[in-house]
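Quick note on labels: first sequence line is chain A, next is B, and so on, each numbered from 1. Computed from a prediction, not measured in an experiment: that's the story for all the values here. Every heavy atom of this structure was used, including side-chain atoms; hydrogens, water molecules and symmetry mates were not.
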Number of protein chains: 2
Amino acid sequence: MTFESTKSLSASLEDYLQAIFWTAAAKGAARAKDIARQLGVKASSVTGALQTLAEKRFVHYQPYEAITLTAEGFDEAARVAQRHFIVREFFVTVLGLDRAVAEEEACRTEHCLGDDIAERLATLMEFVKAHPDMESGVSQLLAERYRSAEIPAQVRRGLVTVADLRSGQKAVIVAVRSGGALARRLVDMGLGRGALVEVEGAAPTGDPIRVKIRGYQLALRRTEAAVISVVGK
Amino acid sequence: MTFESTKSLSASLEDYLQAIFWTAAAKGAARAKDIARQLGVKASSVTGALQTLAEKRFVHYQPYEAITLTAEGFDEAARVAQRHFIVREFFVTVLGLDRAVAEEEACRTEHCLGDDIAERLATLMEFVKAHPDMESGVSQLLAERYRSAEIPAQVRRGLVTVADLRSGQKAVIVAVRSGGALARRLVDMGLGRGALVEVEGAAPTGDPIRVKIRGYQLALRRTEAAVISVVGK
DNA sequence: TGACGGAATTAGGCAAGACTAATAATATTG
DNA sequence: CAATATTATTAGTCTTGCCTAATTCCGTCA
């Protein structure tokens with residue numbers, strides 16, 4: 001028994017499908033050469049990919065003839081292209097990325113996001129566009145945070161702290177951002193780089209926060225928790 | 001001349017690094033067996049990956065001994081883990097995804113998003129949390145749109161239409177969502193499934209929209225444009 | 001119609017990353 | 001301390017996806 005056709009496509013095959021999609025839309029059909037040029041691969045690689053896609057019934061392929069998509073191939077290509085489009089527009093309009101950068105990132109992201117997420121992103125984008133105050137609020141916050149190329153590394157450090165974790169969550173400490181005595185005291189308590197902390201709970205006010213580290217329980221003031229940068233699990 | 005260490009890691013090696021990161025945080029060091037179990041691979045695959053990671057100076061590795069991360073390995077692992085965390089939390093808190101689904105999607109997405117985008121997502125998430133009206137507005141919109149599992153396919157069709165495109169953008173038509181006479185008229189004008197349209201411009205009011213199709217220019221009323229589902233380029 | 005040039009295909013190689021099977025090292029335990 | 005059990009490593013295979021080099025096909029033009 002042979003399984004000659006599987007539904008799911010690799011990132012690479014999705015790229016071939018998209019190249020055919022756009023070329024066929026513009027010219028009626030694609031030639032191997034067009035595809036090779038678009039994807040930056042050699043013609044022989046295209047032949048191989050076409051054979052695989054034909055086995056999976058996504059393209060009409062006869063050696064030496066023009067290539068077109070089957071109905072399933074068209075649907076599949078349209079889905080990938082739609083994800084690409086939505087993700088890129090989201091990166092540009094909501095996250096304020098440069099168009100060229102967004103395009104490049106979208107080329108990778110289109111292969112790893114499900115349709116479901118792409119649709120939700122589109123909905124979010126629509127919502128943001130419909131509320132100009134939010135659009136400007138977000139873009140202003142992003143702009144002031146990423147004004148300088150130097151900033152991101154600083155921001156990254158402080159993005160998530162023990163104070164941001166939910167009850168029951170575990171995290172690894174990556175830095176204690178505080179000079180002098182406080183930092184030393186925290187490190188002495190075991191709260192150093194690489195240590196695993198688990199948030200046990202917090203008082204209703206959110207202060208203090210009970211954490212567990214190396215088996216010991218500890219109560220941290222919110223101000224202390226907020227200087228401990230972590231990576232959450 | 002040999003190049004024994006390259007900076008960039010494959011998705012697979014990033015996974016190994018993360019597995020070591022979490023295990024080492026919990027137990028001080030990792031064993032090949034732990035890693036194999038976490039990643040669902042055989043022990044022999046782990047050995048291979050460790051050799052590669054050791055060459056790249058991301059892990060301290062001596063055959064048969066416990067495995068720990070180097071300083072660079074820790075940084076790299078923390079960055080991947082941070083992307084994972086941010087993306088998952090974004091999927092859950094902003095996009096309203098189920099935690100389990102979000103976790104799974106994050107496992108793939110962590111490898112294809114740049115740190116820059118992850119940070120911007122975190123900023124957006126922070127903004128949303130700080131504006132309860134936005135949070136509830138988005139979640140309400142998402143909830144009513146994805147109430148039923150049947151809906152997504154319907155939604156997908158109508159997500160992007162000719163009316164949503166910017167001037168100069170190209171797109172492929174995937175469906176004309178209109179019964180009877182209008183659909184027939186549009187298809188007769190060449191606006192059928194698979195056709196490439198290019199938006200030439202729109203009147204200041206956004207109506208009518210001038211498009212080019214197969215070399216011909218055409219003016220579409222906004223109501224017409226809005227029933228033509230496309231995939232944007 | 002036959003020869004040429006460009007385009008496409010085949011054949012064979014290489015790297016990554018998984019696997020199995022066999023072997024070697026370490027741990028455990030009587 | 002030796003026998004056994006567990007864990008890790010090596011060796012060799014398979015698949016995917018790219019490559020180069022050699023060959024084959026097709027259209028054009030003299």
Interatomic distance where [atom1] belongs to [X] and [atom2] belongs to [N] [whole Å]:
X	N	atom1	atom2	value
R37(B)	dT6(D)	CZ	P	16 Å
E14(B)	dG17(C)	CD	P	11 Å
E65(A)	dA8(C)	CD	C1'	12 Å
K33(B)	dA8(D)	NZ	P	8 Å
H111(B)	dG17(C)	NE2	P	12 Å
L9(A)	dT16(D)	CG	P	12 Å
L50(A)	dA7(C)	CG	P	16 Å
L13(B)	dA16(C)	CG	C1'	9 Å

Only distances under 3.5 Å count here; give the side-chain donor-acceptor pairs of residues 27-37 of chain A to other protein atoms, sequence neighbours excluded, each with its distance to 0.1 Å.
residue: K27(A); atom: NZ; partner: D34(A); partner atom: OD1; Å: 3.4
residue: D34(A); atom: OD2; partner: R31(A); partner atom: N; Å: 3.0

Would you kindly compare A49(A) and D34(B) by the position of their nearest DNA chain D nucleotide and give the one closer to the 5′ end?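 Taking each residue's closest nucleotide, the earlier one in sequence belongs to D34(B).
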
Measure from the side chain of [X], starting at C-beta and using heavy atoms only, and say which of [options] lies closest.
X	options	result
S45(B)	dT9(C), dC19(C), dG17(D)	dC19(C)
Y16(A)	dC18(D), dA8(C), dT20(D)	dC18(D)
Y61(B)	dT9(D), dA7(C), dA18(C)	dT9(D)

Backbone N or O of F58(A) within a donor-acceptor pair of the T70(A) side chain at under 3.5 Å?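 Yes, the answer is positive, given that a donor and an acceptor are paired below the 3.5 Å cut-off.
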
Just N and O in the side chain of [X]: are any of them under 4.0 Å from OP1 or OP2 of [N]?
X	N	answer
K42(B)	dC19(C)	no
S10(B)	dG17(C)	yes
Y64(A)	dT23(D)	no
Q51(B)	dT9(D)	no
S12(A)	dC18(D)	yes
R31(A)	dA7(C)	no

Students often get this wrong, so: under 4.0 angstrom with heavy atoms, is A32(A) touching a base, only sugar-phosphate, or nothing?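 Touches sugar-phosphate only.
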
Just checking Q62(A): base, sugar-phosphate only, or nothing, at a heavy-atom cut-off of under 4.0 Å?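 Nothing, no nucleic acid heavy atom in range.
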
Between the side chains of E76(B) and K56(B), is the shortest nitrogen-to-carboxylate-oxygen separation below 4.0 Å, so that they form an ion pair?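 Not counted as a salt bridge, because no side-chain N and carboxylate O are separated by less than 4.0 Å.
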
Considering only NZ, NE, NH1 and NH2 on the basic side and carboxylate oxygens on the acidic side, decide whether R184(A) and D188(A) come within less than 4.0 Å.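 No, no charged N to carboxylate O under 4.0 Å.
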
Roughly how far, to the nearest 0.5 Å, is the CZ atom of R79(B) from the CD atom of E14(B)?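 The distance works out to 8.5 Å.
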
Under the side chain to side chain contact (heavy atoms under 4.5 Å, CB included) test, which residues partner Q169(A), sequence neighbours left out?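 Checked Q169(A) against side chain to side chain contact (heavy atoms under 4.5 Å, CB included); matches are L165(A), R166(A), F85(B), R88(B), E89(B), R99(B).
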
Taking atom types as they are modelled, is there a donor-acceptor pair under 3.5 Å from the base of dT20(C) to the side chain of S44(B)?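 Looking at the base of dT20(C), it does pair with a donor or acceptor on the side chain of S44(B) (distance under 3.5 Å).
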
